[in-house]
Amino acid sequence: MVKALGKNWHPECFQCHKCHKVLSPDNFMEKSGKPYCKEDYHKLFSPKCSECNLPIEGTPLVAMGRQWHPNCFKCFQCGVPLSPNNFKEHDGKPYCNKHFQEMFLPKCYGCKLPIADKVLKALGKTWHPECFACVQCHKPLGTDGYREKDGLPYCDFDYHALFSPKCAACHAPIREVYSLHDTLSIHLLITEMSDSYGQDMASRALPVPTLQQTVE
Ligand SMILES: [Zn+2]
Ligand SMILES: [Zn+2]
Ligand SMILES: [Zn+2]
Ligand SMILES: [Zn+2]
Ligand SMILES: [Zn+2]
Ligand SMILES: [Zn+2]
């Protein structure tokens, strides 16, 4: 006779409620007063892993509102095991920080690396604010205006030094060309105004890039 679950049984009648395999009284699981073999118990009553769909016998890892085998909660791209406190989610799938950044964040056109925080948009591209710099002198252009030549940003000074026509008299670049006929006199005029509002107006006219926060 078998004594189990507070009752008496024929040894051959103490069976798994599901598969009717004969159970040993010291190796079975119980649910609602009925005996089960371990396998069926977990199949029927244990939480299922969100990744492999098999029952979780130990403590489930809970992340993204679902339950996982601790070993099954891994980066969807590289398979590295993840901690529920340190991962990124995209489209219902978990990723390590590295692959989330590589795959889903905008890339900086300057350094080619992902942009996690502030995005600067200029010239139809995205940049780290510190990477949007004059091609010539590497001064960041995030707060000042910039000039564009062949899709690349330049500070006002270098743009004119490189691309503006040079004065026949002093060889300094001529900042604004109003007329092909009388560039020398225009140059003199601009130079005279350089300390007053003329300079101010010129810099205010430059396009200023827009800063944005990337959405998490
Ligand atoms: Zn069974
Ligand atoms: Zn699993
Ligand atoms: Zn990864
Ligand atoms: Zn960059
Ligand atoms: Zn420059
Ligand atoms: Zn000159």
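We count ligands from 1, going down the list as the structure has it; atoms in each ligand are counted the same way.
Note that Lys149 lies in the cation-pi zone of Phe163, set by a 6.0 Å cut-off to the ring centre and a 45° limit from the axis. For the pair Lys112 and Tyr109, the cation-pi criterion (under 6.0 Å, within 45° of the ring axis) is fulfilled. Figure legend: Lys18 and Tyr36 shown without cation-pi pairing, the cationic atom not lying both under 6.0 angstrom from the six-membered ring centre and within 45 degrees of its axis.
Judged by distance alone, with hydrogens and angles left aside, the side-chain atoms of His128 form no donor-acceptor pair with the main-chain N or O of Leu120 at under 3.5 Å.
Geometry about the Zn ion (ligand 3) gives an angle of 90° between SG of Cys96 and ND1 of His99, rounded in steps of 10 degrees. For Cys37 atom SG and Cys16 atom SG, the angle they make at the Zn ion (ligand 1) is roughly 110°, to 10 degrees. An angle of 110° is found at the Zn ion (ligand 4) between Cys111 atom SG and Cys108 atom SG, rounded to 10°. Rounded to 10°, the angle that OD2 of Asp40 and SG of Cys19 form at the Zn ion (ligand 1) is 100°. To the nearest 10 degrees, the angle centred on the Zn ion (ligand 3) between SG in Cys75 and SG in Cys78 reads 100°.
When you scan the N, O or S atoms of His128 for the one nearest the Zn ion (ligand 4), you land on ND1.
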Walk me through whether Asn8 and Lys3 qualify under side-chain hydrogen bond (donor to acceptor under 3.5 Å, both in side chains). CA-CA 5 Å; Asn8 301 317; Lys3 282 180 180 288; 3.3 Å; yes
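A heavy-atom distance below 4.5 Å is not found between the side chains of Val2 and His10.
Look at Glu39 and the Zn ion (ligand 1): no N/O/S atom of the residue is under 2.8 Å from the metal.
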